[in-house]
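Take a look at the structure below.
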Amino acid sequence: MLDPKLIRNELDTVAKKMAVRNVTLDTDKLSQLEASRKSLQSNAESLQAQRNTASKAIGQAKAKGEDAQPILDQVAALGDELKAAEVALTELQNELNEVLMGMPNLVHDDVPPGKDESDNVEVRRVGEPRAFSFTPLDHVDLGARGNSLDFEQGAKLTGSRFTVMQGDIAKLHRALVQFMLDTQTQRNGYTEISVPFIVNSDSLYGTGQLPKFAEDLFKLNVEQDYYLIPTSEVPVTNMVRDRLLDANELPMRFTCHSACFRSEAGSYGRDTRGLIRQHQFEKVEMVQVVKPEDSWQALEDMTSHAESILQALNIPYRVVVLCGGDIGFGAAKTYDIEVWLPGQDAYREISSVSNCTDFQARRMQARFKNPATGKNELVHTLNGSGLAVGRTLIAVLENYQQEDGSVEVPEVLLPYFGNQTLLLTNE
RNA sequence: GGAGAGAUGGCUGAGUGGUCGAAAGCGCUCCCCUGCUAAGGGAGUAUACGUUAAUAGCGUAUCGAGGGUUCGAAUCCCUCUCUCUCCGCCA
């Protein structure tokens, strides 16, 4: 959520920033709502003040044994008027709040204009795509050996966009999780955390998936407002919801392995082949909670932490900064890391690292006591994938494939494989 | 699933209808004393919103959440959530 004061006082600036996202702000409606809010609020509050004064007088009169009836008569008429004023105010505040909750974060000045992913701007390119002496297969063909990647079984057990992995590929998948967690905890300073895969709606409002993106979520059909997490960013970031942190608790750095569940509504035709876009996938996430002045450096750091996985695996990738049309709802600036996939002859997203500034913190009421000012101030939150495991699996398979259809184990993963150096060697 | 107890400020914890936004303690901040350390004395210290140049003043709201009773609710009533104890069941 944006600072309501900013919307009140600098509506034009806000509208300009929204335009970078191709979002047109209805400034007339907003200023009209704001004007109503002001008059309704001052009206309700002055009636409340009258009531409070009278009630106090009644108490004092009774204490002295005087007759309180005259004051009681005088206040009696207030009741209905006050109630009506309060109802009107509440209704308007709800309306205003709904508008506010539906507004995305302000983008950073660095965010380039653009309408979709084709307008994202490449920041750097690391590693050279390998020159193959044969035509590389994609992961679906590679995984067909021994039904290591079994899409038909996934479809039978559940439905489309679910997959069964077995044998070497299941083991590779697990090794990648281990390697990512070990890297983030041992080299990059994160604390491993394990969290629920089901969250309530408060948490989803906190990080911004609700109220706008309900259709992307799997909602449980139970009495409670429970949802499967679309990313562990939700439970991990909400760790600080409704908390007043001590300055020396910051920065907080968490890494978390979880399954992620996305309904992928609205992308029925996209990436239907293979593991790229699944309803369930696993991810090692990074989350940081930092002081406001540290968040932009943290974004760069966190991006490099995600990159460190691909560097260690020695797989080529590039980093792009998302344009206004492609950046997420809660982010002020986002770097996507795109990994080279020989099977697709393309760079594909494998990580997304965002600085959400105080956007999520305001929704979550996540604050810290700033020793410099003595005030309670909102923290900044960041999240990023470090990395998406399924897509990393694809990248390893496709980049490390041999002409005979087997796959070499990347050197850094050898400790997770005992003496095994080749995968999928059996026909 | 059954029975019971509870939820108050950064923390612990008083407070059962009327100057209660809330005692006390801890913590924290400032000052004094003390030539280290430890201890002692004094003052201050919730948050959000509105109004405002103002984190000055004033107003409003907030004692788990929501509703109700009342002129007035931390305090009474209802619903819900969560925590703890005991029993049952269970990976």
Side-chain angles (χ1 to χ4, degrees), chain A residues 1-10 30-31 33-101 194-206 220 222-227 235 238-250 252 259 289 291-292 358 361-379:
Chain A
M1 195 164 94
L2 300 181
D3 185 354
K5 279 182 189 154
L6 201 65
I7 292 169
R8 210 171 287 158
N9 301 327
E10 293 172 56
L30 268 171
S31 23
L33 280 174
E34 170 52 24
S36 309
R37 191 228 91 226
K38 188 178 277 198
S39 80
L40 289 174
Q41 181 166 345
S42 62
N43 180 239
E45 287 187 355
S46 87
L47 289 170
Q48 284 169 332
Q50 285 176 47
R51 180 205 58 197
N52 291 347
T53 312
S55 294
K56 201 167 271 186
I58 291 167
Q60 283 167 343
K62 287 200 170 169
K64 289 184 208 153
E66 294 168 3
D67 181 16
Q69 197 54 46
I71 318 175
L72 276 168
D73 294 340
Q74 177 199 327
V75 167
L78 255 176
D80 289 344
E81 195 184 349
L82 176 59
K83 186 144 247 167
E86 282 175 342
V87 168
L89 177 61
T90 304
E91 276 173 8
L92 190 108
Q93 273 172 337
N94 288 343
E95 191 181 346
L96 196 55
N97 198 45
E98 208 169 295
V99 174
L100 251 46
M101 287 297 268
S194 174
V195 295
F197 294 176
I198 295 174
V199 293
N200 59 34
S201 57
D202 286 344
S203 295
L204 289 157
Y205 275 97
L220 298 192
V222 295
E223 197 182 337
Q224 296 91 338
D225 248 345
Y226 283 174
Y227 296 79
N238 273 277
M239 290 285 291
V240 296
R241 171 152 57 85
D242 293 323
R243 284 227 276 157
L244 180 58
L245 302 164
D246 210 80
N248 62 29
E249 292 180 77
L250 303 175
M252 295 169 97
V289 179
K291 295 178 188 169
D358 61 7
R362 186 171 291 104
R363 289 170 164 244
M364 293 191 297
Q365 279 306 300
R367 299 164 302 161
F368 77 108
K369 199 165 264 302
N370 187 343
T373 60
K375 305 300 288 181
N376 301 336
E377 297 172 17
L378 295 168
V379 297

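Small disclaimer: the values here were computed from a predicted structure and weren't measured. In what follows, every chain begins at residue 1, and chains take the letters A, B, ... in the order their sequences are listed.
- B/G4 is paired with B/C84 under the Watson-Crick or G-U wobble criterion, all donor-acceptor distances under 3.5 Å.
- Side-chain nitrogen and oxygen atoms of A/N376 include none within less than 4.0 Å of the OP1 or OP2 phosphate oxygen of B/U55.
- Nucleotides B/A14 and B/A73, compared at atom P, are 25 Å apart to the nearest Å.
- One C1' atom belongs to B/C31, the other to B/U12, and the distance between them is 27 Å to the nearest Å.
- To the nearest whole angstrom, the two P atoms, one in B/A22 and one in B/A3, are 41 Å apart.
- Atom CG in A/N200 sits about 16 Å away from atom P in B/A65, given to the nearest Å.
- Of all nucleotides present, none satisfies the Watson-Crick or G-U wobble test against B/U69 with each distance under 3.5 Å.
- Between B/U60 and A/N52, a contact under 4.0 Å exists linking OP1 or OP2 to a side-chain N or O.
- Base-pair partner of B/G9: not found among the strands shown (Watson-Crick or G-U wobble, both distances under 3.5 Å).
- Within residues 41-49 of chain A, the residues having any heavy atom under 4.0 Å from RNA chain B are, by residue number, A/Q41, A/E45, A/Q48, A/A49.
- Side chains of A/K369 and A/N376: a donor on one and an acceptor on the other come within 3.5 Å.
- Nucleotide B/U29 forms a Watson-Crick or G-U wobble pair with B/A43, both donor-acceptor distances falling under 3.5 Å.
- A/Q365 has its CD atom 16 Å from the C1' atom of B/G9, to the nearest Å.
- Straight-line distance from the NZ atom of A/K375 to the C1' atom of B/C28: 15 Å, rounded to whole Å.
- A close approach under 4.0 Å does not occur between any side-chain nitrogen or oxygen of A/K369 and OP1 or OP2 of B/G10.
- Here B/U60 presents its P atom at 9 Å from CZ of A/R51, a figure rounded to the nearest Å.
- Look at A/R367 and you won't find any side-chain N or O under 4.0 angstrom from OP1 or OP2 of B/A46.
- Pair assignment for B/G35: none, as no Watson-Crick or G-U wobble contacts are both less than 3.5 Å.
- Remark: B/C20 base-pairs with no nucleotide in the shown strands. Criterion, Watson-Crick or G-U wobble with two distances under 3.5 Å.
- Look at B/A53: it lacks any Watson-Crick or wobble partner with both distances under 3.5 angstrom.
- The existence of a salt bridge linking A/E34 and A/R37 is confirmed by a sub-4.0 Å separation between a basic side-chain nitrogen and an acidic carboxylate oxygen.
- Under the Watson-Crick and G-U wobble criteria, each requiring two contacts below 3.5 Å, nucleotide B/A48 is paired to B/U60.
- At a non-hydrogen distance threshold of 4.0 Å, A/S55, A/I58, A/G59 from residues 54-61 of chain A come into contact with RNA chain B.
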